[in-house]
Number of protein chains: 2
Amino acid sequence: MTVTIYDVAREANVSMATVSRVVNGNQNVKPATRKKVLEVIERLEYRPNAVARGLASKKTTTVGVIIPDISNTIYAELARGIEDIATMYSYNIILSNSDQKEDKELELLDTMLGKQVDGVVMMSDNVTSSIQQAIKSSPVPIVLAGSVDEKKEAASVNIDYYQAAYEAVRILVGNGHKRIAFVSGPLDYTINGIYKLAAYKQVLEDANIELDEQLIVAGDSTYDDGISAYEELAVISAPPTAYFAGSDELALGLIHAAQDAGKHVPNDIEVISFENSKLARMVRPQLSSVALPLYDIGAVAMRLLTKIMNKEEVAEQTVVLPHHLEIRQSTK
Amino acid sequence: MTVTIYDVAREANVSMATVSRVVNGNQNVKPATRKKVLEVIERLEYRPNAVARGLASKKTTTVGVIIPDISNTIYAELARGIEDIATMYSYNIILSNSDQKEDKELELLDTMLGKQVDGVVMMSDNVTSSIQQAIKSSPVPIVLAGSVDEKKEAASVNIDYYQAAYEAVRILVGNGHKRIAFVSGPLDYTINGIYKLAAYKQVLEDANIELDEQLIVAGDSTYDDGISAYEELAVISAPPTAYFAGSDELALGLIHAAQDAGKHVPNDIEVISFENSKLARMVRPQLSSVALPLYDIGAVAMRLLTKIMNKEEVAEQTVVLPHHLEIRQSTK
DNA sequence: ATGAAAGCGCTAACAT
DNA sequence: ATGTTAGCGCTTTCAT
């Protein structure tokens with residue numbers, strides 16, 4: 001039914017080994033036989049069975065990708081970076097969504113390892129100790145992309161979130177604000193709860209502004225959460241005049257809610273976000289934002305993985321990519 | 001090194017066949033032996049090798065997904081629908097981007113078939129005859145998601161694009177417009193060049209409005225393309241007063257360019273788009289749009305694929321999902 | 001209910 | 001340069 005390497009060998013009057021050699025580009029084949037074999041392959045429309053190959057060679061040339069949610073642009077961008085580099089190195093990707101649930105992450109990792117992936121790149125906003133444990137005991141390399149393992153034991157690619165957040169909030173302080181809100185996604189995500197929050201607090205402290213816990217609002221990272229956050233903060237005694245938003249959608253919700261309340265952005269209130277998605281340019285006012293190099297993080301993570309899978313020396317398992325601020329119209 | 005089914009069999013004093021049975025949930029195992037085997041599996045941390053399994057059983061429980069670009073929200077949404085249903089039926093997904101290049105599509109299909117996927121779902125804005133041919137000669141089922149094969153030979157899941165476009169343009173005519181532009185993505189994509197365009201022309205004809213080819217502008221589907229399209233159309237002798245945009249980004253570009261030119265939307269000009277992404281609600285004015293059930297298209301396509309892979313009877317290989325119009329603020 | 005044994009299609013020594 | 005031969009780890013008849 002399906003044509004195998006054996007059929008090709010027989011038709012070409014050579015051994016399976018020789019066919020295998022030409023298929024795998026081994027140089028130890030006389031040009032004439034190579035040509036003959038290639039012809040038979042073409043004629044029989046032979047297509048090597050990668051599963052059999054994987055069993056025999058213990059390499060599948062596929063890597064697993066565990067992502068919270070591919071329909072979220074942040075992760076989609078990362079995924080694209082991963083896939084492009086994977087393709088470049090002839091790997092395919094098994095992609096699964098975890099919805100940021102620890103049990104799903106663990107389960108996905110297990111089934112991917114069962115499928116004998118050669119490595120995995122994983123995104124997780126909360127690298128728990130179970131995950132750390134799973135990474136440590138994995139038979140194949142795992143690299144974290146845009147995800148921080150506080151113990152720094154796992155290979156990972158990130159930016160300096162603390163520094164980036166510090167710079168963003170500093171802009172607001174620099175523009176004279178004293179009442180600055182931090183509207184964030186879930187604080188149990190390391191990047192939010194540890195890095196951004198610490199940076200926010202530090203900027204205030206460095207500027208001798210007293211911290212007001214009321215100004216820290218955490219929820220999800222959606223547009224509607226931004227709207228609610230604004231409404232919640234608008235009614236406190238001394239409402240904020242500036243906002244550090246954890247995402248572009250949050251920032252946009254904040255801005256629209258402010259505008260609906262008759263405020264002008266950036267004249268009455270200023271907003272700076274953390275993401276710089278395509279959205280940032282497509283809204284009015286355009287968003288000032290910390291630019292996350294999402295595609296690059298994915299690409300570099302995958303590249304790092306190829307090196308580790310290849311047993312090349314890697315100088316540093318924890319890579320930190322540069323970031324920058326994109327100042328547009330939501331700040332003065 | 002790695003523990004195999006043989007190790008488990010030896011430790012549990014049973015044969016490989018029995019271990020295989022318990023792993024696969026075969027009922028022909030005495031509860032006592034099942035328990036014993038399960039214990040050994042747990043103790044040895046045995047994890048079945050899916051590659052070996054795939055070679056022996058000729059099933060990999062993985063399906064291929066070929067998509068133009070995962071970083072594009074339209075496709076990301078579709079992909080999420082596909083993956084959710086795949087997970088539900090215990091399949092994993094090999095995901096690859098084609099960038100809508102025919103040669104990459106063909107190549108990806110080939111490597112996926114080489115990896116012995118059990119089926120594939122494919123998105124392509126231009127199902128060429130080579131692709132049709134490849135689908136026809138595939139050893140495993142292939143279903144198209146949100147992609148039309150004009151010959152209707154391949155299984156597919158879509159909405160009625162012609163009807164949806166007709167309704168959208170009809171709204172504009174209903175609001176009294178005579179100069180209606182069609183700002184589209186590439187016209188060599190079937191949905192644009194055949195369905196939407198035909199619908200656009202038909203609405204005009206039915207309303208006795210003369211077709212003006214000048215009002216048909218095709219480019220890419222980005223925000224910037226929307227801006228350019230507006231600028232291009234603004235300088236013709238009788239500029240359009242209404243726009244049928246091929247995507248949300250296009251619509252938004254059109255709107256912002258109009259606003260920058262001092263026009264009010266929807267009072268001076270009206271815009272209706274074709275997509276209804278999250279963006280539609282997050283901009284001002286909010287976009288009136290044809291709502292594409294992207295997630296559902298992906299989900300139903302995957303469900304259809306499971307049925308075909310399972311050799312179940314499917315009443316209709318060409319499924320057409322319902323759509324609706326979401327009228328917001330960019331139209332009166 | 002359980003076991004024996006023959007593959008699945010290929011790679012990778014090892015010979016020659 | 002080419003062929004022979006073991007496996008890779010599992011499923012699947014076929015016996016018993």
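Note on naming: letters A, B, ... go to the chains in the order of the sequence lines (proteins, then strands), and numbering restarts at 1 for each one. This structure is a prediction, so every number in the text was calculated from the model and none was measured.
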Here's a test of your reading of the structure: between B/Val29 and B/Leu55, which maps to the more 5' nucleotide of DNA chain C?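 First, find each residue's nearest nucleotide; the 5'-ward one identifies B/Val29.
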
Sub-3.5 Å pairs of nitrogen or oxygen atoms, protein against nucleotides 10-13 of chain D:
unit_1	atom_1	unit_2	atom_2	d
D/dC10	OP1	B/Tyr46	OH	2.6
D/dC10	OP1	B/Asn49	N	3.0
D/dC10	OP2	B/Ile5	N	2.3
D/dT11	OP1	B/Asn24	OD1	3.4
D/dT11	OP1	B/Asn24	ND2	3.1
D/dT11	OP1	B/Arg53	NH1	3.2
D/dT11	OP2	B/Ser20	OG	2.6

Check for a donor-acceptor pair, side chain of B/Asp118 on one end and backbone N or O of B/Thr61 on the other, with a separation under 3.5 Å.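 Indeed, once roles are kept as given, a pair shorter than 3.5 Å links the two residues.
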
Applying side chain to side chain donor-acceptor pair (under 3.5 Å), which residue pairs with at least one partner in residues 297-309 of chain A are found, sequence neighbours left out?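 Output for this query lists A/Tyr89-A/Arg303, A/Arg303-A/Thr306.
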
Show every donor-acceptor pair shorter than 3.5 Å between a side-chain atom in residues 120-127 of chain A and any protein atom, with sequence neighbours excluded, or say none if there are none.
unit_1	atom_1	unit_2	atom_2	d
A/Ser124	OG	A/Gln100	NE2	3.2
A/Ser124	OG	A/Glu105	OE2	2.8
A/Ser124	OG	A/Asn126	N	3.4
A/Ser124	OG	A/Asn126	O	3.3
A/Asp125	OD2	A/Tyr75	OH	2.6

Please output the side-chain donor-acceptor pairs of residues 310-319 of chain A that fall under 3.5 Å, not counting sequence neighbours, one pair per line with the distance.
unit_1	atom_1	unit_2	atom_2	d
A/Asn310	ND2	A/Glu312	OE2	3.1
A/Glu316	OE2	A/Thr318	N	3.2

Listed by chain and number, what are the side chain to side chain donor-acceptor pair (under 3.5 Å) partners of A/Asp84, not counting sequence neighbours?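 A/Asp84: side chain to side chain donor-acceptor pair (under 3.5 Å) contacts with A/Arg80, A/Tyr295.
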
Between [N] atom [atom2] and [X] atom [atom1], what is the distance in whole Å?
{"X": "B/Asn28", "N": "D/dC14", "atom1": "CG", "atom2": "C1'", "result": "14 Å"}
{"X": "A/Lys59", "N": "C/dC10", "atom1": "NZ", "atom2": "P", "result": "19 Å"}
{"X": "A/Arg10", "N": "D/dG3", "atom1": "CZ", "atom2": "P", "result": "15 Å"}
{"X": "B/Lys115", "N": "C/dC10", "atom1": "NZ", "atom2": "P", "result": "15 Å"}
{"X": "A/Asn26", "N": "C/dC10", "atom1": "CG", "atom2": "C1'", "result": "15 Å"}

Considering all heavy atoms, the nearest A/Ala52-B/Leu55 contact: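 Nearest pair, atom of A/Ala52 first, then B/Leu55: CB-CD1, 3.7 Å.
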
If every non-hydrogen atom of B/Gly185 is compared with every non-hydrogen atom of B/Asn192, which pair is closest and at what distance?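 It is C-ND2, 3.4 Å.
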
Would you indicate, yes or no, if [N] has its OP1 or OP2 atom less than 4.0 angstrom from a side-chain nitrogen or oxygen of [X]?
{"X": "A/Lys58", "N": "D/dG7", "result": "no"}
{"X": "B/Thr2", "N": "D/dG9", "result": "yes"}
{"X": "A/Thr18", "N": "D/dT2", "result": "no"}
{"X": "B/Thr33", "N": "C/dT2", "result": "yes"}

Mind checking if A/Asn13 touches a base, just sugar-phosphate, or nothing, with heavy atoms under 4.0 Å?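 Sugar-phosphate only.
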
Please determine, for the side chain of A/Ser15, which listed nucleotide (D/dG9, D/dT4, C/dT2) has the closest atom?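 Nearest listed nucleotide: D/dT4.
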
Is the closest basic N to carboxylate O distance between B/Arg43 and B/Glu39 below 4.0 Å?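 Answer for the salt bridge query: no.
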
To 10°, what angle do the rotation axes through the five end pairs on each side of the helix from C/dA1-D/dT16 to C/dT16-D/dA1 form?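 Axis-to-axis angle, ends of the helix: 30°.
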
Check: B/Val22 and B/Asn26 side chains under 4.5 Å, non-hydrogen atoms: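 Of all side-chain heavy-atom pairs linking B/Val22 with B/Asn26, none is under 4.5 Å.
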
